[in-house]
Structure formats: C-alpha cells, structure tokens
Participant: 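Have a look at this one.
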Amino acid sequence: MLTVAAADDTGDLPTVLAAAAGLGGEVGDLEPAERAELVLVSARRLRFRHPLIRFAAYQCAPLAWRLTAHQALVAVLDGPAHAHRRAWHLAAAATGPDERVAEWAGSRQAMASASAAYERAAHLTADTSRRARRLINAAQKASEAGQDERCRALTDQVPLPLPDPGMAADFARARSVVELGYGSPGQAARLLAECTETVSASRPDKLAPLLTDAIHAAFSAGDAALMMEIAVRTPGLPVVATPAKLLAGDISGALRTLDEHVEAARLDGSGLMDRLMAGIYCHLVAAHENAYGLATAAVTHCREQGIGGWLPTTLHLLAQAELALGRHEDAHAHAAEALRLAEAYDLDHRAAHLRALLAVLAAVRGEEEPTRELAGQALEYTRPRDVGRGTADASWALGLLDLGLGRAQDALEHLEAARHAVGHPILARHLMPDLIEAAVRAGHPERAREPAKQLMSWADDLRQPHFTAQAHRCAALTGPDTSAEQHYTSALDLHNGGGDFERARTELLYGEWLRRGRRKLDARGHLRTARELFDRLGAQPWARRAATELQAAGETSHPADAVDSPISRLSSQEREVVRLAATGATNREIATRLFLSPRTVGHHLYRAFPKLGISSRTELADLLAS
C-alpha cells in the first residue's frame, strides 16, 4: 500500500485505493502508517508527512514492487483527462523501449514538461531515427523554456549524421540556439545558412524558419554583410526581403515588403518569430507604433503559451519600442522584468542586450554610475563575441550620458564606436541624432554633415513624423544659419509620437540658437519649455543645461516657474497616474483610462510615492489639494 501511495504523484486517495485493490490492498492497510504518523489521510487525500518519507517508502521497495505499483496505477487511470499521468506511469514501469510512451510525448503543452517528455520518450525508443527526432524535439522545447544549457546537452546526444534533411534543419536550429547563447551570433547565423544548401531542394518548407532564425542571429551580430548573404538565398521570402532591400538602399521597396510582413504577422495563426522579426524591422524603420503592437502581441503569445525562453527577447523589443515612443517608465519596467528573467534562465546573451538598454535609460536620467556599470557589463560580454548590436547599444548609452553631461568629445568617440560596431548605417539609425549633436558640440561639424544628410534622406523615404523631426533638428545643427530656424520650427511642428525627451531636446537647441543670435526674449519660451519637460522626465543633466541657458537668456526666477514642488518631480505619466489615483480610481480603472497594464500603474505609483514624500494613496488627495 505504501509503495503504491509513494508511486502516485497526486495524493488522490480514491486513485491510490483503486490501484492497491488490484494488488490485494485495502484502506485498513494504511492504519499502521497512520498511527506511526508517516501518512496523513482524509476522505479524499493521502499525503506523506514529509517528502523524504515518501522518498524512503518508494526507494526502499524492491524494483519489482515499484514496477507493479506503476502498472497498477496505469490500469486505473483511464480517459483523456488522465492521459499524461498514465503515460508517466507507463514510462516509470518500462524497462526498455516502449512506443506507447514515446508517441504520447508530443501531446504535452508546457515547454519544460514537453521537453522532459520527449527526452524520456527518446530513451524508450529503439529506432535510431525516431530517437534522434525526439531528442531534437526535446532540445527545441528546452530552448523555448529558457533551458539553453539543457538544450546543448540534448543536442549532444543526437546520433549523427542525420540523413533526413528536415531533421537536419531542425537540429541546426536547436544548435544555433546554443551557439547564440554561449558562442557567437555570427557563427549561429552561418550554421543555419549552411544548412539551407541541403534543405532547399528536398524540404523547401523548412527554409522559412531556418532563414528567419539566421537573419535574427545575423542582426544580433550587427553583421550587415552576413545579413545580405543570407537574404540573397531566397529573395522572395518576406522575412529576408525586407532587410535585403533596406541594406541595398531600396527603402521604398523594403517598406512595401514590410507592410505585407506586418499584415501576415498580425493574423491569429502567425508564429512567434514572424511577429518578432516584423516588430524588429518596424523598429528599424522608425515605425514604432507598429513595433509596439507586434511586440505586445509577441509578449502575450509567450506568456500564454509558456514560452519562457523567448519572453526576455520579446520584452526587450517592447521596451525598445516604448523608449522610442518616449514611454521611458514603461520601457524601464519591461526591460527590468526581462533582465530578471534572462538572469534566472542564464540567458547571458539576452541579458547583455538588456543591460545595454537599461544603460540607455539610465543615461537619459543622467545616472552616471548605473549607466557606466550596466554598459560596462554589457560590453564585457558583447565585445569578445562580436555581438555588434549589443556593443552598439552599450556604447550609445555611454555617448548619450556624456552628451547630457556636456562632455561632447567623449560622447562623440563613444557614438562613433557605436556606429562602427554595426555593419551598415541603417542599423545605427537610432543613435545618429546623438552622434550629429555630439560632433557639432565637440567642434567637429565636418563629422556631422554627411550623417545629417543621410538622416534627412532616410526621413524622406520613411515618412515617420517623429523621425523627420529629428532629421530637421540635425539639419539645423549642420546647415547654414539662414535655414536653421526653418528646420527648427519644422521639427517642432512634427514632434508627435516620439515623446517629450526628443521635443525637449529640440526646444533646447532652438533656444540656444536663438540666444546666440541675441534673440533672448524669443529664446526664453523654448528654453523654459525644455527645462520643464526635462524636469518631468527626471533628465536632470539636460534640465540643468536648459536652466543655465535660460539664465544666460536673462530669465530671472519667478514663483510661477518653480520646479521644486513635489509634483514637479514626477514624470508626465506618473502625474497622470497619481492624479487619477487621488480621485479614488483603482489600478485597473487607471490602466483602462491610460491604456496601460494594472502592473505598470502599480509600478508608477511605487516610484511616485517616495518622490512625493508619502507612503500610501490615501495621502494623495490632500497633497494635490495643497
């Protein structure tokens, strides 16, 4: 009776009694164990007082007893509701290959459980080809569960060579996950690209996922030449056609292809990688609203399907889109969550990318120590492995920090290093406005003119207002003085959808230009707006620059312009959340009003309370009233 109870994994008393009855056992046989307080029994439940007692009861039983107990449990577990438990007991009762267990493995849903099931199935499979197939399945599910180390161990067990091209393609995809996580993303891309040679003729259905993974790895490496090499293999495939046209300079053609890709990725049946790559390309061409929508869908897909291994990557894309849209608090919350997951799963590659992104967010706020620490940790991982994208973002963070702190020459060196870390200017599009400003401020306008022309050319093709605003701002910095004002005013007219930080920077530069032209009265309004926006964002170095310029423009302090009240310490989104919370609205109600998640609302309140000097939302109404 104790052996059956220990072999059962649910504590369901009717199941244990039914299985034991087939072996001559009955409920009275539990009485000695109850009196000895080894087990606790109720009308429906049986549990061991301690897990070690269950372990001892099972391990001390002879092997024949254990096998018989599992077989007895198989006999009483009927119906689809018990299919997975029945299969596990079949596996435990097996002493050699058993196809009944092996066939069941594919029905498991949760990724980690599915991987374990496939691995057990492989060990119970005599046929070499079937065993290889199940080990590859186990490795793929392990990678989706964020178990990259286990993925490597499983692929090491696959019997080689693999004569079936389809199986070889799946094996290459599993091995590329290992290479991406522990080696070089460029090598992972090459491994996948090489596999297309043998797959294209006999298994064309495997080409799309192979090339998608290859492009993703090459993009992570920041290797434009490798991306082109992969793209030309199947130019008609949307996932490779978009980057091929972008890198070749055919931006209009790339946008047409991307529109088709985005529409397909939005369909209910689209896969995770389709959504992820479409979102990455949208971010690349400054279509940040589309990138945000696709990233949100990809994150939801990972959460609902239990694909923990890809959740940090999708959260990373979401945070990148939020940063570009000016939603800095949301970007920080999602990037921090992603980093916690990446560290928990030992996904060092993704963790390096996320540290670089968090360094950028810290740089915006002028937090020097966290920026340098996060960027340094990212570079320590990315540089030796040629992870170009991660290296570029970490260097971008250092450059943005120095730019905000007034160290223009240092900023220029970091930003030029960031641009060179990726193999094509379009891959550095997001940091070009900072590089141009740094070059001008450092007294090297000749190093800014060509990038500024390139930026305006892209803006004409991409037709994204917030990006065009940045291009006009850079044209004002690098062009003749006679056209500067027109560019600044055009930029301010276009600043929508890009967030307060970019608008504030344009206001600051325009105000500085006006002050240098001795138009101090005109300058003050722009400089005052810049200071207020930077203060709301917590971008203190930038706010100090605006305040210094404002003072130089003849602004004197006035009570109406005071920025030292508690509310002024909040970001614009924190203010909205606090204002609604003061009315008594719940987190869910606030989330609905502001199109946020309840969790993000809670995060905003958690950050706002210390700034306001309060500890609960009940104090908000009195604070706002005063």
Participant: Give a yes-or-no answer on whether the side chains of His349 and Ser220 include a donor-acceptor pair shorter than 3.5 Å.
Facilitator: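 A donor-acceptor contact under 3.5 Å links the two side chains.
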
Participant: Considering non-hydrogen atoms only, spot the tightest contact between Arg275 and Leu294 and give its length.
Facilitator: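 What the structure gives for the nearest pair is O-CB, 3.9 Å.
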
Participant: Just by modelled atom types, is the Gly309 backbone N or O under 3.5 Å from a matching donor or acceptor in the Glu144 side chain?
Facilitator: no

Participant: Looking at Phe534, does the NZ or CZ of Arg545 lie under 6.0 angstrom from its six-membered ring centre and within 45 degrees of the ring axis?
Facilitator: no

Participant: Are Glu507 and Leu492 packed together at the side-chain level, in the sense that at least one heavy-atom pair is separated by less than 4.5 angstrom?
Facilitator: yes

Participant: Indicate yes or no: at least one non-hydrogen side-chain atom of Arg389 is less than 4.5 angstrom from one of Thr382.
Facilitator: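 The answer is no; the side chains never approach within 4.5 Å.
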
Participant: Kindly say whether Val577 contributes a backbone atom to a donor-acceptor pair with the side chain of His604 at under 3.5 angstrom?
Facilitator: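 Side chain of His604 to backbone of Val577: no pair is present.
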
Participant: Looking at Tyr292, is Arg327 sitting on its ring face, NZ or CZ under 6.0 Å from the six-membered ring centre and within 45 degrees of the normal?
Facilitator: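 Cation-pi check for Arg327 and Tyr292: passes.
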
Participant: Look up atom CG in Asp346 and atom CG in Asp148, then write down how far apart they are to the nearest 0.5 Å.
Facilitator: 9.0 Å

Participant: Looking at side-chain heavy atoms only, is the closest gap between Arg152 and Arg175 below 4.5 Å?
Facilitator: yes

Participant: So does Glu380 have more than 12 non-hydrogen atoms from other groups sitting under 6.0 Å from CD?
Facilitator: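 No - once you tally the heavy atoms of other residues, nucleotides and ligands closer than 6.0 Å, there are 12 at most.
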
Participant: Can you tell if the side chain of Pro370 reaches within under 4.5 Å of the side chain of Arg365, non-hydrogen atoms only?
Facilitator: no

Participant: Do the side chains of Glu343 and Arg355 get nearer than 4.5 Å, heavy atoms only?
Facilitator: yes

Participant: So, for Gly443 and Glu446, which heavy atoms are closest and what is the spacing to 0.1 Å?
Facilitator: O-OE1, 4.5 Å

Participant: Stepwise, does the side-chain contact (heavy atoms from CB on, under 4.5 Å) test hold for Arg505 with Glu437?
Facilitator: CA-CA 10 Å; Arg505 290 179 63 180; Glu437 184 178 338; 2.9 Å; yes

Participant: Grab the two heavy atoms, one from Leu210 and one from Cys195, that are nearest each other, plus how far apart they are.
Facilitator: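 Closest approach of Leu210 to Cys195: CD1-SG, 4.1 Å.
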
Participant: Is the centre of the Trp542 ring less than 6.0 Å from the centre of the Phe501 ring?
Facilitator: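 Here the rings of Phe501 and Trp542 have centres that are less than 6.0 Å from each other.
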
Participant: For the atom pair CG (Leu550) and OG1 (Thr529), what is the distance rounded to the nearest 0.5 Å?
Facilitator: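 So the gap between those two atoms works out to 10.0 Å.
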
Participant: Run the numbers on Leu462 and Arg429 for side-chain contact (heavy atoms from CB on, under 4.5 Å), then give the verdict.
Facilitator: CA-CA 12 Å; Leu462 296 177; Arg429 176 203 57 74; 4.2 Å; yes

Participant: Atom NZ of residue position Lys611 - does it have more than 12 heavy atoms of other residues, nucleotides or ligands inside 6.0 Å?
Facilitator: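 Count over threshold, so yes.
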
Participant: Which heavy-atom pair separates Ala291 from Gly279 by the least distance, and what is that distance?
Facilitator: CB-O, 3.5 Å

Participant: Should the pair Glu337-Arg303 be classified as a salt bridge under the 4.0 Å nitrogen-to-oxygen rule?
Facilitator: yes

Participant: If you round to the nearest 0.5 Å, how far is CG of Leu401 from CG of Leu405?
Facilitator: 4.5 Å

Participant: Going by side chain to side chain contact (heavy atoms under 4.5 Å, CB included), Arg463 matches just one of Thr468, Leu255, Val285. Which one?
Facilitator: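 Of the listed residues Thr468, Leu255, Val285, the side chain to side chain contact (heavy atoms under 4.5 Å, CB included) partner of Arg463 is Leu255.
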
Participant: Looking only at non-hydrogen atoms, find the nearest pair between Ala546 and Leu527 and report the distance.
Facilitator: CB-O, 4.0 Å

Participant: Does Arg372 pair with Asp402 as a salt bridge, N-O distance under 4.0 Å?
Facilitator: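 Yes.
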
Participant: Which atom pair, heavy atoms only, marks the closest approach of Leu455 to Gln470?
Facilitator: CD2-O, 4.3 Å

Participant: Please lay out, stage by stage, how His414 and Leu431 fare under the test side-chain contact (heavy atoms from CB on, under 4.5 Å).
Facilitator: CA-CA 11 Å; His414 285 305; Leu431 58 85; over 6 Å; no

Participant: Under 6.0 Å between the ring centres of His332 and His328?
Facilitator: no

Participant: Check for me whether the distance between the ring centres of His495 and His466 falls short of 6.0 Å.
Facilitator: no

Participant: Holding to ring-ring contact (aromatic ring centres under 6.0 Å, His included), I want the full list of residues that pass it with Tyr510, two or more places apart in sequence or in another chain.
Facilitator: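 By the ring-ring contact (aromatic ring centres under 6.0 Å, His included) rule, Tyr510 matches Tyr488, His526.
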
Participant: Output all residues satisfying ring-ring contact (aromatic ring centres under 6.0 Å, His included) with Trp310, sequence neighbours left out; order by chain, then residue number.
Facilitator: His216

Participant: Please confirm whether the backbone N or O of Ala193 pairs with a side-chain atom of Thr196, one donor and one acceptor, at under 3.5 Å?
Facilitator: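 Yes.
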
Participant: Given the rule in the side-chain contact (heavy atoms from CB on, under 4.5 Å) test, do Arg190 and Glu229 qualify, once you have shown the distances and angles that lead to the verdict?
Facilitator: CA-CA 10 Å; Arg190 292 184 187 92; Glu229 179 187 330; 5.9 Å; no

Participant: With the side chain counted from C-beta on, respond yes when Arg544 and Pro541 share a heavy-atom pair under 4.5 Å apart, and no when they do not.
Facilitator: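 Result yes, sub-4.5 Å side-chain heavy-atom pair found.
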
Participant: Give, for atom OG of Ser143 and atom CG of Leu154, the distance between the pair rounded to the nearest 0.5 Å.
Facilitator: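 The OG atom of Ser143 sits 10.0 Å away from the CG atom of Leu154.
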
Participant: Using 0.5 Å steps for rounding, measure from the OG1 atom of Thr155 to the CD1 atom of Ile136.
Facilitator: 9.5 Å

Participant: Are Gln377 and Tyr381 close enough that some pair of their side-chain heavy atoms sits under 4.5 Å apart?
Facilitator: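 The answer is no; the side chains never approach within 4.5 Å.
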
Participant: Any non-hydrogen side-chain atom of Met456 less than 4.5 Å from a side-chain atom of His472?
Facilitator: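 Yes. Closest side-chain heavy atoms under 4.5 Å.
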
Participant: Roughly how far, to the nearest 0.5 Å, is CG of Leu191 from CZ of Phe171?
Facilitator: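 Between Phe171 CZ and Leu191 CG, I get 8.5 Å after rounding to 0.5 Å.
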
Participant: Between His261 (side chain only) and Thr257 (backbone N and O only), is there a donor and an acceptor less than 3.5 Å apart?
Facilitator: no

